[in-house]
Trainee: 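One structure coming up, written as structure tokens, with questions to follow.
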Amino acid sequence: MDAANTFLNELNEKQKEAVLYLKSPLLVLAGAGSGKTRVLTYKIFYLLKNGLSNPENIFAVTFTNKAADEMKERVEKLLGFPVKNMMIGTFHSMCVRIIKRFRWERMKSPDFSIYDVDDSKSVIRNILKEKKIHDLEPKGICRIISSLKNRMIFPEDLDSEDDTFKRIKEVYVLYQETLKRNDAYDFDDLLIETIRIFNENEIFRKKFSERIKYILVDEYQDTNYAQFLILKSIYDGKNHITVVGDDDQSIYGFRGAQIKNILEFEEHFPETKIVKLEQNYRSTRNILNIANRVIKNNLKRKEKVLWSSFDDGENIRIVKCKDERDEAIFVVDKIIEMKNRQGKRLKDFAILYRTNAQSRPFEEILRKNNIRYTLIGNIKFFERKEIKDLLSYLSFTVNRNDEISLKRIINFPKRGIGDVTLKSITLFAKAKDLSVWECLKNFEENFPEKKRVKNGVKEVVDIIENIEKNRDNVYNALEFLVDSIDFENLFDKMLKDEKYSRLENIQELLNSAKEFVLKNEDRSISAYLDMISLYTDIDDYKDDDSLLLMTVHNAKGLEFENVFVTGLEDGLFPHRNSFEEDSNCEEERRLLYVALTRAKKNLFLTYTVERFYYQESSFRIPSRFLKEIGFENRIVDYFDRTKSLSTKKYDFEKKRESDKGKFKINERVVHPIFGEGIIKGKKGSGEDEILIIQFLNGDVKKIFAEYANLTRK
DNA sequence: TGGATATCTTTTTTT
DNA sequence: AAGATATCCA
Ligand SMILES: Nc1ncnc2c1ncn2[C@@H]1O[C@H](COP(=O)(O)OP(=O)(O)OP(=O)(O)O)[C@@H](O)[C@H]1O
């Protein structure tokens, strides 16, 4: 081995093979923690180090922006100098760059708006109102349109005679027209527009694909059809493509990701070589065993070998808790104990859950115990109302066609400009074929009769024009904006806490802009807006030794020494919405596989007996996945804060024949019509004995024990 | 007309 | 419990 390439010692044989292979398309298909990401990182390093490529010839796609930042940092560390001009990021951020470049070449302003789901919903809401459609929900339409776009299905491709479908098509058409008029793209459009540009401008595509000599893609199992097409456009047979992934970790089907991309990779990229990595470097054997035991219940998957050279390690602990509060107390107690006794740091722990709503009790108990934590997801910082309102000023300043942003700011803070005024301005603009902005600027001439709102409009116009002056420095622009709004007064009627927290958020926004201005060469408003529309919580959490709370989805690709997977109950994890379709249930199982394989050393699985779910207390049944883990033979701890920690064996086995006839409270039963349920109570006796049973769908029914033909689960 | 108040619904996962 | 929407009042 050549001296420059001693780094290869940090890879196993298979990994080396994958790093060095450049002859034809390469697929690295391997289980969790087998070093797939490491292969990509070292491959980039190898290409740069050996002069096989310049940074600008590399196109590396990661699943999150954070992963991209970390990969770049790692490569720079290995090289010993910074890397400039490499295309590395998520599909969405790469698309923004491609679209900007194209618009720039065509002398079109590169400053378009990027709409998040909220913005899309309000566009749809306006359309529905205008068209007087009352029986369709913005949220549902949004989801349908997005799922169509993910599959590259356009309005003209819809030719169903079904009435609802026809109306959806109508809304879809209007939605796209509105976005076009506002010069805005939603997340799906970023991908679609890139494909369109490539398809319709062969010279541009060719130039780009000749520039890109190496295409590298991480987490390939979670790419959608549009993303596949983008890769196909860039790959021209002369450049190289490496994709890595694990079909067992595909968890974004709901967003259009298709496992078939990875399963059928060979069919689309000629002479594909496949490398399988089989050694796991992350977890103990006990953890891997449990993960393998769960995932092997999926029927549609590629069987993989995955072994660890580590010891068995600690036992996996399954803990039954009285309710969600106890669950939180148990987890937090455990963390405190491990921190104090074993000197572990907070950042070695992660609490994972299926839904964002589950974070509440954990937060409460953590705050009570003064433990620093970082909550990822849920209400994202930049989506808070007060923040979005401020940002809309910036958006509108750089893109005067963005009517959604205008709508947000025209009456924020309250200036007495309501729906009616806005409507008449919009209509006026349409009639005179002017932009809304033009009408606002000449408001007094255009609407001499509207004396009452005159000053308000002038105020907005002034603010926008002043922001415009600071276009090249987002911090100055924001500082001006914040100064010109009297927040103290605005938040006056709020509760102290709420007011304080909002003011804090605004300060936080200023800090973020300041940081951006200090760190980046391009300090412009538009550069900042692009960054925040594509960056999410997970991309930006500070490395400040705090405990992490997040959904399993957000934990993808990460690893922690100690992991708590919580809320392992039927209906929650797997989520009840997945029960109908087998494929969804398989995705839930993959989600659990991802959760379990995040742990390096200690893994705790918790579930509750009773949980508040939608303002109602409901009795819970342990997750079906726990059975697959084989937990009937395992020690289950029962945690009840009133009784402290006690241990007993949980019996999942079917009861013996002799037990027949007598059902006990909390026993799980199957009803021939209503399905599986749990016995909550009993009334009467003998023939008249009535059982109160809560079924899986949440219904509680009174059933005659004698006649119902119940069987034990 | 806009702002405040009362009523109604809604809860998976996210770039 | 919180958010969005509908209704009412000044
Ligand atoms: N050859 C190796 N020697 C030592 N440690 C390694 C090696 N390869 C990978 N690792 C370590 O194993 C862990 C998992 O690696 P990595 O994140 O690259 O795996 P992955 O396959 O991408 O995981 P996932 O499927 O969960 O995304 C990391 O901590 C990494 O540093």
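Heavy atoms only: backbone and side chains are in, while hydrogens, waters and symmetry mates are out. Each chain gets a letter, A, B and so on, in the order the sequences are listed, and its residues count up from 1.
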Trainee: Starting the side chain at C-beta, find the nucleotide from dT15(B), dT12(B), dT14(B) nearest to Arg354(A).
Mentor: dT12(B)
Trainee: Is His92(A) stacked on the base of dT15(B), with ring centres under 5.5 Å apart and planes under 30° apart?
Mentor: no
Trainee: By nearest atom, which of the nucleotides dT14(B), dG3(B), dT12(B) is closest to the Glu588(A) side chain?
Mentor: dT12(B)
Trainee: Choosing from dT12(B), dT14(B), dA2(C), which nucleotide comes nearest the side chain of Tyr252(A)?
Mentor: dT14(B)
Trainee: Taking the minimum atom-to-atom distance to the side chain of Asn411(A), which one of dT13(B), dT15(B), dG3(B) wins?
Mentor: dG3(B)
Trainee: Measure CG/Leu191(A) against P/dT15(B) and give the value in whole Å, please.
Mentor: 13 Å
Trainee: Look at the side chain of Val117(A) and decide which nucleotide, out of dT14(B), dT12(B), dT15(B), has an atom nearest to it.
Mentor: dT15(B)
Trainee: Of the candidate nucleotides dT13(B), dT15(B), dA2(C), which contains the atom at the shortest distance from the side chain of Arg360(A)?
Mentor: dA2(C)
Trainee: Aromatic rings Phe573(A) and Phe625(A): how do their planes relate, parallel, tilted or perpendicular, breaks at 30° and 60°?
Mentor: perpendicular
Trainee: For Val552(A), report the nucleic acid contact type (base, sugar-phosphate, nothing); a contact means any heavy atom under 4.0 Å.
Mentor: nothing
Trainee: May I ask you to check if Arg624(A) and Phe579(A) form a cation-pi contact, with NZ or CZ under 6.0 angstrom from the six-membered ring centre and within 45° of the axis?
Mentor: yes
Trainee: Considering every strand and a 4.0 Å limit on heavy-atom distances, what is the contact class for Lys139(A): base, sugar-phosphate, or nothing?
Mentor: sugar-phosphate
Trainee: Between Arg143(A) (side chain) and Lys139(A) (backbone), is there a donor-acceptor pair under 3.5 Å?
Mentor: no
Trainee: Would you indicate which nucleotide in dT5(C), dT13(B), dT15(B) comes nearest to any side-chain atom of Arg125(A)?
Mentor: dT5(C)
Trainee: When rounded to the nearest Å, what value does the distance between C1' atoms of dA4(C) and dT13(B) take?
Mentor: 22 Å
Trainee: In terms of the angle between their ring planes, are Phe604(A) and Phe564(A) parallel, tilted or perpendicular, with boundaries placed at 30° and 60°?
Mentor: parallel
